[in-house]
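Fair warning: this is a prediction, and the values are worked out from it, not measured in the lab.
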Amino acid sequence: MKKKKILLTGVAGFIGFHCCSKLLNLGYLVYGIDNINDYYDINLKYARLEELGLKKHEAKVHLNEVKSIKFNNLKFKRIDLSDNDEIDILFQNQKFDMVCNLAAQAGVRYSIDNPNAYINSNINGFLNILEGCRKYNVKHLVYASSSSVYGKNKKIPFEITDNVDNPISLYAATKKSNELMAHTYGHLFGFKTTGLRFFTVYGPWGRPDMAYYLFANAITKNKPIKVFNNGNMRRDFIYIDDIILGIVGILEKNVDNRHHYKIYNIGNNKTENIEDLIKLIEKNIGKKAVKKMYPIQPGDVPTTFANVDALKNDIGYTPNTSIEDGLKKFIDWFMKYHNF
């Protein structure tokens, strides 16, 4: 049976890179796009693309289609989601069966200082994806939402039925907007949309702006780490392989979506203390952290915790990587990648 063609956005990103690897190995025809912005080190993004068989000098060129030298079922193009014309041309020419939209301007704190980046990518860019799905008969759109939509929700664990009308960062507001936009398009035009509220994803090839990565980097260099809310922070940490199981499971399974709209939490279904995370990083690196305590940052929340029952019921989703195993795999990669 012929495998479906998938548009995968954000393919040079942390989750997008891992998702692409899995889909390629399953035999899907993947067309990856990314704008390769400089929110964090672009060399890490190019290194991920090189792992996928995409040559760095070719991937740098804007709008030129590049073929992987490692996978004959992968093509890449450097495009910004907010480029209306290029996104439209892409959809028109490629005739995608499904779209997996993982591209976004990420980061809660960055959204306070750079709001336009979030509107351009997460609102205007997402609208272009929805329009492409509408105009060119895409059957299913899977897209990244975020646990940030829960704001200061005090009910633990977070459930998809909880009220999410009170975001406390612009990033969270754009993700909630994506869910509303997808609901509207699915209702009006009859294609399936599935939003995945990602919790705190970690692992090899991760984002350097994430706390676990910042901690590892500082500890190896004998620099102090910033610990917010005086260490009274808990996060639902989900290892990258477990996240990919959920994303691919949704793409592969024909989940009952009669109302054209689904939302799921995708996390580890447990919560970890930041202080315990630091101890595990110290153990794996073999050095003690020098801690500097700070108050909680604007837009941040003290606790996240995912109820994943809906995803478990619909696709049998069961995360199975412990924080101990996951962090060891990350530190092993981190030390090798950074030549420590």
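Ile89 and Val99 are not part of a single hydrophobic cluster, where members link through side-chain heavy atoms under 4.5 Å apart. Placement of Ile296 and Tyr110 within a single hydrophobic cluster is found when ILVMFWY residues are connected by side-chain heavy-atom separations under 4.5 Å, directly or transitively. Residues Leu188 and Met181 are members of one and the same hydrophobic cluster, defined by side-chain heavy-atom contacts under 4.5 angstrom among Ile, Leu, Val, Met, Phe, Trp and Tyr. Placement of Leu29 and Leu49 in two distinct hydrophobic clusters is found when ILVMFWY residues are connected by side-chain heavy-atom separations under 4.5 Å, directly or transitively. Clustering ILVMFWY residues whenever any of their side-chain heavy atoms sit less than 4.5 angstrom apart, transitively, puts Ile240 in a cluster other than the one holding Leu245.
Few gaps surround CG on Asn163; more than 12 heavy atoms of other groups in view lie less than 6.0 Å from it.
Side-chain contact between Asn37 and Lys45 is present, with at least one heavy-atom pair separated by less than 4.5 Å. By the 4.5 Å heavy-atom criterion applied to side chains, Leu81 and Ile33 are counted as neighbours. At a threshold of 4.5 Å between non-hydrogen side-chain atoms, the residues Leu7 and Ile129 count as touching. Leu127 has its side chain within reach of Tyr185: a pair of non-hydrogen atoms, C-beta onward, lies under 4.5 Å apart. In this structure the side chain of Phe199 reaches within 4.5 angstrom of the side chain of Phe158, judged on heavy atoms. Looking only at side-chain heavy atoms (C-beta outward), Leu311 and Ile250 come within less than 4.5 Å of each other. Put simply, the side chain of Lys139 does not reach to within 4.5 Å of the side chain of Asp97, judged on heavy atoms. In this structure, the side chains of Gln94 and Lys5 come closer than 4.5 Å at one or more pairs of heavy atoms.
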Test salt bridge (Lys or Arg N to Asp or Glu O under 4.0 Å) on Asp242 and Lys329 and set out the steps. CA-CA 13 Å; Asp242 292 329; Lys329 290 176 182 177; over 6 Å; no
Derivation and outcome, side chain to side chain contact (heavy atoms under 4.5 Å, CB included), residues Thr194 and Ile263: CA-CA 6 Å; Thr194 304; Ile263 294 288; over 6 Å; no
Using side chain to side chain contact (heavy atoms under 4.5 Å, CB included), reason through Trp205 and Leu44 one step at a time and then give a plain yes or no. CA-CA 8 Å; Trp205 297 98; Leu44 176 57; 3.7 Å; yes
Please determine whether side chain to side chain contact (heavy atoms under 4.5 Å, CB included) holds for the pair Ile266 and Tyr264, giving the CA-CA distance in whole Å, both sets of side-chain angles, and the decisive distance to 0.1 Å. CA-CA 6 Å; Ile266 182 164; Tyr264 295 100; 5.7 Å; no
Before giving the answer on side chain to side chain contact (heavy atoms under 4.5 Å, CB included), spell out for Leu130 and Phe191 the whole-Å C-alpha distance, their side-chain angles and the decisive distance to 0.1 Å. CA-CA 10 Å; Leu130 288 168; Phe191 62 89; 4.2 Å; yes
Does the pair Tyr143 and Glu179 meet the rule for a side-chain hydrogen bond (donor to acceptor under 3.5 Å, both in side chains), with working shown? CA-CA 9 Å; Tyr143 63 95; Glu179 295 178 4; 5.5 Å; no
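In summary, Arg197 and Asp236 do not engage in a salt bridge, as defined by a charged side-chain N under 4.0 Å from a carboxylate O. Under a 4.0 Å N-O distance rule, the pair Asp88/Lys135 qualifies as a salt bridge. Between Arg134 and Glu131, at least one side-chain nitrogen of the basic residue sits less than 4.0 Å from a carboxylate oxygen of the acidic one, meeting the salt-bridge criterion.
Proximity of a side-chain donor or acceptor of Lys176 to a complementary backbone N or O of Asp165 within less than 3.5 Å is not detected. Side chain of Lys175 to main chain of Ala144: a donor-acceptor pair is present (N/O by atom type, distance under 3.5 Å, no hydrogens or angles). Without hydrogens or angle criteria, Asp325 side chain to Thr321 main chain gives no donor-acceptor distance under 3.5 Å. The closest donor-acceptor contact from the side chain of Asn101 to the backbone of Thr9 lies at 3.5 Å or more, if one exists at all. Between the Thr193 side chain and the His260 main chain, a donor and an acceptor come within less than 3.5 Å of each other. For Arg234 (side chain) and Thr271 (main-chain N/O), a donor-acceptor pair under 3.5 Å exists by modelled atom type.
Residue pairs satisfying the side chain to side chain donor-acceptor pair (under 3.5 Å) criterion with at least one member in residues 11-34, sequence neighbours excluded, are listed as follows: Tyr28-Glu252, Tyr31-Glu65. Residue pairs meeting the side chain to side chain donor-acceptor pair (under 3.5 Å) criterion with at least one partner in residues 113-130, sequence neighbours excluded, are Asn122-Thr174.
Remark: Leu170 CG to Ile168 CD1 distance equals 12.5 Å, nearest 0.5 Å. Atom-to-atom distance recorded for Leu23:CG and Leu8:CG is 6.5 Å, nearest 0.5 angstrom. Here the straight-line distance linking atom CD of Glu51 with atom NZ of Lys70 works out to 5.5 Å at 0.5 Å rounding. Of the inter-residue distances, the one linking Ile79 atom CD1 with Ile36 atom CD1 reads 11.5 Å to the nearest 0.5 angstrom. Here CZ of Phe305 is found 12.5 Å from OH of Tyr150. Values are rounded to the nearest 0.5 Å. How far CG of Asn232 is from OG1 of Thr303: 9.0 Å, rounded to the nearest 0.5 Å.
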Could you tabulate the donor-acceptor pairs under 3.5 Å formed by side-chain atoms of residues 54-62, not counting sequence neighbours?
| residue | atom | partner | partner atom | Å |
| --- | --- | --- | --- | --- |
| Lys56 | NZ | Asn43 | OD1 | 3.3 |
| His62 | ND1 | Arg78 | O | 3.2 |

Compile the donor-acceptor pairs under 3.5 Å between side chains in residues 331-340 and protein atoms, sequence neighbours left out, one pair per line.
| residue | atom | partner | partner atom | Å |
| --- | --- | --- | --- | --- |
| Asp332 | OD2 | Lys328 | NZ | 2.9 |
| His338 | NE2 | Tyr213 | OH | 2.7 |

Could you list the donor-acceptor pairs under 3.5 angstrom formed between side-chain atoms of residues 275-285 and any protein atom two or more places apart in sequence or on another chain?
| residue | atom | partner | partner atom | Å |
| --- | --- | --- | --- | --- |
| Glu275 | OE1 | Lys291 | NZ | 2.7 |
| Glu282 | OE2 | Ala289 | N | 2.7 |
| Asn284 | ND2 | Leu280 | O | 2.8 |

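Listed by chain and residue number, nothing satisfies the ring-ring contact (aromatic ring centres under 6.0 Å, His included) test with Tyr40 (two or more places apart in sequence, or in another chain). Looking at residues two or more places apart in sequence or on another chain, you find a ring-ring contact (aromatic ring centres under 6.0 Å, His included) between Tyr239 and Tyr202. Under the ring-ring contact (aromatic ring centres under 6.0 Å, His included) criterion, Tyr171 pairs with no residue, sequence neighbours left out. Partners of Ile112 by side chain to side chain contact (heavy atoms under 4.5 Å, CB included), not counting sequence neighbours, listed by chain and number: Pro298. Applying the ring-ring contact (aromatic ring centres under 6.0 Å, His included) test to Phe91 and every residue at least two apart in sequence or in another chain returns Phe96.
Here the shortest heavy-atom pairing between Leu26 and Lys3 reads O-CE, 3.3 Å. Closest heavy-atom contact between Ala172 and Ser148: CB-O, 3.3 Å.
No hydrogens or angles considered: nothing links the side chains of Thr318 and Asn320 as a donor-acceptor pair under 3.5 Å. In summary, the side chains of Lys223 and Asn217 do not present any donor paired with an acceptor at a separation below 3.5 Å, with no hydrogens or angles considered.
Leu214 forms part of no hydrophobic cluster, judged by ILVMFWY side-chain heavy-atom separations under 4.5 Å. With side-chain heavy atoms closer than 4.5 Å counting as contact, directly or through intermediates, the hydrophobic cluster containing Tyr294 also holds Phe228.
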